[in-house]
Novice: 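Structure below; questions to follow.
Numbers here are sequence positions counted from 1.
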Amino acid sequence: MKYSNSLKNILFGFINLTITATLGIIIPRLFLVNFGSEVNGLMSSINQIFAYFSILEAGVGLATLQSLYKPISEKDNYRMNKILSATNKYYKKSSLMYFFTLLIFAIIYPLLVASPINKYTIVCVILLTGISGVLNFLFQGKYKILLEADGKSYIFINLNTVIHILINISKIFLLLKGFNIIAIQATLVFFNILQIIYINLYIKNNYKWIDLSVEPDYKSISQKKSVLIHQISGIIFNNTDIIILSFFTNLKVVSVYSIYNMIFIILNKFIGFISNGVTFAFGQLYDTDKSMFIKYFNIYEAYYTSIIFSISTVAMIFVNPFMELYTAGITDINYCDRLLPTLFIVITLLLVGRAPSRQVINIAGHFKKTQNRSIFESFINLTSSLIFVRYYGIYGVLIGTIIALLYRTNDMIIYSNRVILNRSLLNTYKNWVINVLAFLLVIYLNNCFNLKIFSYLSLIGWSLIYFLIILIFFICLTSLTNRDLYKQLTGMIKNNIKNRK
């Protein structure tokens, strides 16, 4: 396992998330105060629809990533060039399709959504938001995948941190100075261009062997169609709720959903950096030493599960106090709700909890074999959400998501364990049951106390204290119930320290 790069990916990922999350919380609040819930709902709705545009990547991103693991581990530059050449050609086609789809969306969307916001403003916001996607497909998509496969995601993460800071500082300045939403969105394009320039210079200086003019190896990314099906299903699944709410409720309800969703997106990203930080190492190890891969994976899965439950437990305790502080003074709709945090937490646990199983499926390249399962998950989500939204509104779309997740999360666990790893399901489900019971116990004990939060400072202070205590509790519980894995983990840590001396 390549500890150094994995630790860098995770560490810089956390730094990036801390900064972007802080700014990501400030900006929507300023939008709410300066423009109201209508504009905040509009921006959330547009951003969710743009998530569908990533379909135009045509599945080539993940297919390229999976195909690069082996040649990178073997340092086969010629093979990597052939793969990247094929990827580059697909991205060029995708950028053209993205541009024309963007124009169509900018014309049609203002006609379909009922809003008092000027239609010209909506068109300009859509174009300014979307043009960055065109540029990314055209100039940096292939390089981002290369860095990820090579275990250097931290390069892109650090750059993204700097660019995100600059974008949001500019947005805050323009908001406080009273500029309109068009000027604010224009900053996104400017700084995105700077990011593209830097990435291309970095690749030119550090990967001098790259030659995109070689004959493309389309066969290496032949599973892109199967990956595409997975991505379409995933995009529909992850972005159904806001789209349905946009058409069946109103933009104010969308705004409520988006604020809660903002919190849990940050939570998901925080957890995601843990899994994404080690994926490249597992990917390279899978083809070279399968038995070692399984040994490391067993340890990773057990402790990853305990970490996500500890983080989710803290979120469950503090999400309501945060919402009360965050939406204080916003009166055009009620943002504080007792049931929404519970529904979002269930979704989060089911979604991020299946990450190890999803990683195994992706690393093994079982895209085609599992594509129908992914489609069925999206079908369940879409159908259930459309049915329940009519009766339960915002709760209905969340219930629909939970129903779909219950099916697919269990399916992933069963498939990855039985088909790919050829092992029993017992340990995976045992860890889930233990962590669920621990989660319920901590929430029950917390309800016995009457913790009062009156400021952001006390919120941050108490949440950090709770997190440290709860994390230690979950880690110790996992170690006690998985003694063999605990011994293996401590042995690996000792050997790593010894080798570094």
Novice: My understanding is that only residues two or more places apart in sequence, or in another chain, count here; which of them pass side-chain hydrogen bond (donor to acceptor under 3.5 Å, both in side chains) with N320?
Specialist: none
Novice: Kindly indicate whether the side chain of F264, heavy atoms from C-beta on, has any atom under 4.5 Å from the side chain of I347.
Specialist: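 No; the side chains remain at least 4.5 Å from each other.
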Novice: So, does N160 use its side chain to make a donor-acceptor pair with the main chain of F156 at under 3.5 Å?
Specialist: no
Novice: Output the distance between atom CD1 (I182) and atom CD1 (I122), rounded to the nearest 0.5 Å.
Specialist: 10.5 Å
Novice: May I ask you to check whether over 12 heavy atoms, not counting those of F100, lie within 6.0 Å of atom CZ?
Specialist: no
Novice: For P110 versus A106, what's the shortest heavy-atom pair and its separation?
Specialist: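 Between these two residues, the closest heavy atoms are CD-O, 3.2 Å.
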Novice: So do I131 and L127 actually touch side chain to side chain, heavy atoms under 4.5 Å?
Specialist: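 Not touching, per the 4.5 Å side-chain cut-off.
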Novice: With heavy-atom distances below 4.5 Å as the criterion, would you say the side chains of T187 and L174 are in contact?
Specialist: yes
Novice: Ignoring hydrogens, what is the shortest heavy-atom contact between T348 and S312? Give both atom names and the distance.
Specialist: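 Closest approach of T348 to S312, heavy atoms only: CG2-OG, 4.2 Å.
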Novice: Atom CD1 in I399, atom CD1 in I387: separation rounded to 0.5 Å?
Specialist: 12.0 Å
Novice: Kindly write out the residues that satisfy side-chain hydrogen bond (donor to acceptor under 3.5 Å, both in side chains) with N268, not counting sequence neighbours, or none if the list is empty.
Specialist: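 N268 satisfies side-chain hydrogen bond (donor to acceptor under 3.5 Å, both in side chains) with no residue once adjacent residues are dropped.
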Novice: According to salt bridge (Lys or Arg N to Asp or Glu O under 4.0 Å), does anything in residues 463-479 pair up with another residue at least two apart or in another chain? List the pairs.
Specialist: none
Novice: With heavy-atom distances below 4.5 Å as the criterion, would you say the side chains of T121 and V125 are in contact?
Specialist: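 A side-chain contact under 4.5 Å exists here.
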Novice: Does any non-hydrogen side-chain atom of V360 lie less than 4.5 Å from one of L421?
Specialist: yes
Novice: For atom CZ of F379, is the number of surrounding heavy atoms from other residues, nucleotides or ligands below 6.0 Å larger than 12?
Specialist: no
Novice: The criterion is side chain to side chain contact (heavy atoms under 4.5 Å, CB included); which residues satisfy it with I394, sequence neighbours excluded?
Specialist: L245, V253, V256, Y257, L340
Novice: For E148 and S153, does a side-chain donor sit closer than 3.5 Å to a side-chain acceptor?
Specialist: no
Novice: Could you state the interatomic distance from CG (L350) to OG1 (T409), rounded to the nearest 0.5 Å?
Specialist: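 Answer rounded to 0.5 Å: 5.0 Å.
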Novice: Does a side-chain heavy-atom distance below 4.5 Å link M412 with Y407?
Specialist: no
Novice: May I ask you to test the K142-Y90 pair for a side-chain heavy-atom distance under 4.5 Å?
Specialist: no
Novice: Has the side chain of S455 got a donor or acceptor atom that lies under 3.5 Å from a matching backbone atom of S458?
Specialist: yes
Novice: Quick one: pull up OG in S357 and CG in D411 and give me the separation to the nearest 0.5 Å.
Specialist: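 Reported value, rounded in 0.5 Å steps: 9.5 Å.
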Novice: For F191 versus I163, what's the shortest heavy-atom pair and its separation?
Specialist: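 Between these two residues, the closest heavy atoms are O-CD1, 3.7 Å.
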Novice: Could you grab the distance from atom OG of S306 to atom CZ of F474, nearest 0.5 Å is fine?
Specialist: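 It comes to 8.5 Å.
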Novice: When rounded to the nearest 0.5 angstrom, what is the spacing between CG in L471 and CD1 in I311?
Specialist: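 Those atoms lie 7.5 Å apart.
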Novice: Taking N381's backbone N and O only, do any of them form a donor-acceptor pair with S384's side chain (distance below 3.5 Å, no angle check)?
Specialist: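 No: the side chain of S384 does not pair with the backbone of N381.
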Novice: Using the side-chain hydrogen bond (donor to acceptor under 3.5 Å, both in side chains) criterion, which residues pair with Q140? Sequence neighbours excluded.
Specialist: N136
Novice: Working note: N410 + R354, criterion side-chain contact (heavy atoms from CB on, under 4.5 Å); need CA distance, chi angles, decisive distance, verdict.
Specialist: CA-CA 8 Å; N410 281 285; R354 71 188 191 184; over 6 Å; no
Novice: If every non-hydrogen atom of A404 is compared with every non-hydrogen atom of E377, which pair is closest and at what distance?
Specialist: CB-O, 3.5 Å
Novice: Between S385 (side chain) and L382 (backbone), is there a donor-acceptor pair under 3.5 Å?
Specialist: no
Novice: What pairs with F388 under ring pair (Phe, Tyr, Trp, His ring centres under 6.0 Å), at least two apart in sequence or on another chain?
Specialist: none
Novice: Excluding sequence neighbours, so at least two apart, what forms side chain to side chain contact (heavy atoms under 4.5 Å, CB included) with S424?
Specialist: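 Applying side chain to side chain contact (heavy atoms under 4.5 Å, CB included) to S424 gives L426.
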Novice: Please identify each residue that fulfils ring pair (Phe, Tyr, Trp, His ring centres under 6.0 Å) with Y304, with sequence neighbours left out.
Specialist: Y300
Novice: Would you check if the distance from the ring center of H366 to the ring center of Y415 is below 6.0 Å?
Specialist: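 Yes, close enough.
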Novice: Is K430 paired with E301 through a side-chain N to carboxylate O contact shorter than 4.0 Å?
Specialist: no
Novice: Evaluate the side-chain contact (heavy atoms from CB on, under 4.5 Å) criterion for residues L398 and V346: first the C-alpha distance (whole Å), next the side-chain angles of each, then the deciding distance (0.1 Å), finally the verdict.
Specialist: CA-CA 10 Å; L398 295 171; V346 173; over 6 Å; no
Novice: Looking only at heavy atoms, which two atoms of V314 and S463 are closest? And how far apart?
Specialist: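 What the structure gives for the nearest pair is CG1-O, 3.9 Å.
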Novice: Nearest heavy-atom pair of F105 and I126: which atoms, and what distance?
Specialist: CD2-CG2, 3.4 Å
Novice: Are Y91 and T87 close enough, and set up right, to give a side-chain contact (heavy atoms from CB on, under 4.5 Å), and what steps lead you there?
Specialist: CA-CA 6 Å; Y91 269 126; T87 303; 3.4 Å; yes
Novice: For Y303, check ring pair (Phe, Tyr, Trp, His ring centres under 6.0 Å) against everything at least two apart and list the hits.
Specialist: none
Novice: Under the salt bridge (Lys or Arg N to Asp or Glu O under 4.0 Å) rule, what pairs show up with a residue in residues 312-327, not counting sequence neighbours?
Specialist: E324-R338
Novice: Could you check if a side-chain atom of T313 sits within less than 4.5 angstrom of a side-chain atom of F467, using non-hydrogen atoms only?
Specialist: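 Answer no - side chains too far apart.
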Novice: Kindly indicate, with the supporting measurements, whether the criterion side-chain contact (heavy atoms from CB on, under 4.5 Å) is fulfilled by L188 and I167.
Specialist: CA-CA 6 Å; L188 183 67; I167 289 173; 3.8 Å; yes
Novice: Is there a ring-ring contact (aromatic ring centres under 6.0 Å, His included) between F322 and F318 once you walk through the steps?
Specialist: CA-CA 6 Å; F322 170 79; F318 287 97; over 10 Å; no
Novice: Sequence neighbours excluded and cut-off under 3.5 Å, please list the side-chain donor-acceptor pairs for residues 432-449, or say none.
Specialist:
from: N435; atom 1: ND2; to: N431; atom 2: O; distance (Å): 2.6
from: N446; atom 1: OD1; to: Y466; atom 2: OH; distance (Å): 3.4
from: N447; atom 1: ND2; to: I443; atom 2: O; distance (Å): 3.2

Novice: Go through the structure and list residues passing side-chain hydrogen bond (donor to acceptor under 3.5 Å, both in side chains) with N298, not counting sequence neighbours.
Specialist: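 Counting only residues at least two positions away or on another chain, N298 forms a side-chain hydrogen bond (donor to acceptor under 3.5 Å, both in side chains) with R423.
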